[in-house]
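Structure first, then comments.
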Amino acid sequence: MNILVISTLGDMLLGSAIGISVVFIALACLVIIFEFIQRMSINASKKRMLKAGKKDHEVVHTSGDDVVAISVALHLFLNSVHDEESNILTIKHNDKRYSPWSSKIYGLNNFQR
Amino acid sequence: MNKVNIKFIFIAIILAFLMPEGLLAQAATENHTVLESLQGFWVNTGFSNFEFKYLIMIGVGLIFIYLGIAKHWEPLLLIPIGFGILVGNIPFTEGYRIGIYEDGSVLNILYSGVISGWYPPLIFLGIGAMTDFSALISNPKLMLLGAAAQVGIFLTFLGAYELGFTPTEAGAIGIIGGADGPTAIFLSSRLAPHLMGAIAIAAYSYMALVPVIQPPVMNLLTTKKEKLIRMKPPRMVTKFEKIIFPIIGMLLTTFISPSALPLLGMLFFGNLLKESGVTERLADTARYALINIITILLGLTVGASTQADKFLTVNSMKIFALGAFSFVIATASGVLFAKILNLFLKKENKINPLIGAAGVSAVPDSARVAQEQGLKVDKNNHLLMHAMGPNVAGVIGSAVAAGILLSMLS
């Protein structure tokens, strides 16, 4: 699968130049496609707005600061909500469990007295 | 003296008489004496096989663990790697299938995922399922910053060749500049498996040191006026755009660089699982359970692969020096390219050059560094969202670069 047979510094330089160019080309293609999709998407949303009876200048653009403030407020509100509980109180009798940890029956020094 | 004590004494006397006789009888049949067995045991201990270089590596492992716990520098990577270094540097006698380089040992089986390169694509699957590409989709030209930062890879490639490495070794070392651990492991496993331990350790160490390496370079290359540039807030991205991005991204990048298919295919697949909205269970597994399991195995085995006798070499030192160089170059090229882009952009569309440094794909540390540097000059200038664009573009860019190096050199 070798594209270049690399044996000298000149080959290395050529390989590097090709390599970085390909990286740029790959990402530049993505840029072009997504700039195009972005325009289509904005145009489509404008058309939807117009259909809904709103004029373009009526569309409110929310700034980043506003988005941050709203997000923080929502986060604080949602985190401050207490868990929902059933509000039913029960008194459950808890039997003392049998535990042989201190039982003299099982002791090693169970001498006859 | 009661009856019980008498019983104990009687049993002890019988044992004292019988045991050595039994042992000696057994040893005699196997033509061994007890002393010889003890000597064999001693020869197999870590103390007997100890050399000073193991102590150095154990020290390195402890430093990694310390940095992970005390300084919180990439703890998810440094702690498994640090402990792996301890595991890999316990001296032992070869031949008992203990070491990571001994065929059939447990560590060797776990290490196969690194050697055959199937851990990194699974890590990429998890990264894809975690990553939100909205910042990139809303301002696609930021992808070019991710491409610019890959200059570091190719300059390090040249530098490594000049320092005496072969072209394949130089390619594997160059990828450290991509600041992407899984990509570095993937490429070095294919091009220079014998250098993989050093390359992986260098890549992960410098990724953890991003907050230390990048700021001086960023400050050197930007003026205060440039740091104050406020960028337009990113627009809302539609669900359609988010779904179409991994599909187009995969098709386009892998058609250009098919060798990057294992990495990019998994990255974009993971992202589609996330964005499709109908495979939440699969996305959850990829972003939590799967990536956590692979990170544990990858970190531990990469750490354990740094066995002192194979790791402490002059070449490893050269790789560490080249790694630092590549990070500096990658950061500088990202920042400088942002400044060049600004020459062609309208005033309201200008880019804050600090986010160019996020083009090295150490996600999300380099984006965080851009944010912190921006806040130092203007407390209300939040660059994090903008920096995430070049940051994730850097992941794509470094995977494409790895694919190109692989197809050129393998």
Side-chain angles (χ1 to χ4, degrees), chain A residues 1-49 59-72 107-113, chain B residues 2-4 136-148 150-151 153-155 157-158 161-162 167-168 170-171 174 230-238 240-241 244-245 248-249 252-253 255-260 380 382 385 393 396-398 400-401 403-410:
Chain A
M1 202 151 110
N2 279 17
I3 295 171
L4 291 166
V5 179
I6 292 178
S7 55
T8 63
L9 186 62
D11 297 336
M12 295 283 285
L13 279 168
L14 183 63
S16 301
I18 291 171
I20 195 67
S21 310
V22 174
V23 174
F24 265 99
I25 289 166
L27 290 173
C29 289
L30 273 178
V31 172
I32 292 164
I33 290 171
F34 277 89
E35 286 284 356
F36 176 71
I37 290 173
Q38 180 173 314
R39 279 186 196 167
M40 274 180 32
S41 165
I42 291 169
N43 285 341
S45 71
K46 276 182 185 172
K47 275 183 188 170
R48 270 201 304 273
M49 288 291 180
V59 179
V60 180
H61 293 286
T62 319
S63 76
D65 293 345
D66 293 342
V67 172
V68 170
I70 293 165
S71 312
V72 171
L108 280 174
N109 298 331
N110 192 13
F111 309 132
Q112 290 178 343
R113 298 179 188 202
Chain B
N2 57 37
K3 279 181 184 175
V4 177
L136 198 60
I137 301 168
S138 72
N139 194 357
K141 61 179 171 292
L142 296 181
M143 282 187 221
L144 295 176
L145 298 178
Q150 310 315 319
V151 169
I153 293 177
F154 293 97
L155 286 183
F157 171 53
L158 293 173
Y161 183 70
E162 279 300 287
T168 48
R230 285 200 171 207
M231 295 175 66
K232 274 203 299 193
R235 71 177 174 86
M236 286 284 286
V237 175
T238 61
F240 170 74
E241 286 174 282
I244 204 81
F245 181 79
I248 291 181
L252 194 80
T253 52
F255 261 86
I256 291 172
S257 175
S259 306
N380 294 314
H382 295 278
M385 272 306 283
I396 302 170
S398 60
V400 172
I404 295 160
L405 286 170
L406 193 59
S407 54
M408 278 200 303
L409 301 166
S410 62

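Convention: sequence-line order gives letters A, B, ...; per-chain numbering from 1.
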Might you point out which heavy atoms bring [X] and [Y] nearest each other, and give the distance in Å?
X: B:V400; Y: A:A26; answer: CG1-CB, 4.3 Å
X: B:G146; Y: A:L27; answer: C-CD1, 4.2 Å
X: A:L30; Y: B:M143; answer: CB-SD, 3.5 Å
X: A:V23; Y: B:F154; answer: CG2-CE1, 4.3 Å
X: A:G19; Y: B:I404; answer: O-CD1, 3.5 Å

(message) With side-chain hydrogen bond (donor to acceptor under 3.5 Å, both in side chains) as the rule and sequence neighbours excluded, what pairs involving residues 19-42 of chain A come up?
(response) A:S41-B:E241

Could you look at [X] and say if it's the side chain, the backbone, both or neither that has a heavy atom under 4.5 Å from chain A?
X: B:A393; answer: backbone
X: B:F245; answer: both
X: B:I396; answer: side chain
X: B:L252; answer: side chain
X: B:I244; answer: both
X: B:A170; answer: side chain
X: B:S398; answer: neither

(request) Please round to the nearest 0.5 Å and tell me the distance separating atom CD1 of A:I18 and atom CE of B:M408. (result)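 The CE atom of B:M408 is 7.0 Å from CD1 of A:I18, to the nearest 0.5 Å.
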
(request) Report the distance from atom CD1 of A:I20 to atom CZ of B:F157, rounding to the nearest 0.5 Å. (result)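 Separation between the atoms: 12.5 Å.
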
(request) Check whether A:I32 gets within reach of chain B through its side chain, its backbone, both or neither, counting any heavy atom under 4.5 Å. (result) neither

(request) Let me know if A:I33 has heavy atoms under 4.5 Å from chain B in its side chain, its backbone, both or neither. (result)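 Side chain only.
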
(request) For B:E162, enumerate each residue passing the side chain to side chain contact (heavy atoms under 4.5 Å, CB included) test, keeping only those at least two apart in sequence or located in another chain. (result) A:L9

(message) Quick check for you: among B:G249, B:A148, B:G174, which has the greatest number of heavy-atom pairs under 4.5 Å with chain A?
(response)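 If we count pairs closer than 4.5 Å to chain A, B:A148 comes out on top.
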
(message) Quick check on the interface: out of A:V31, A:I25, A:V22, A:I37, who has the most heavy-atom pairs with chain B under 4.5 Å?
(response) A:V31

(request) Test B:L136 against A:F34 for side chain to side chain contact (heavy atoms under 4.5 Å, CB included), laying out the working first. (result) CA-CA 9 Å; B:L136 198 60; A:F34 277 89; over 6 Å; no

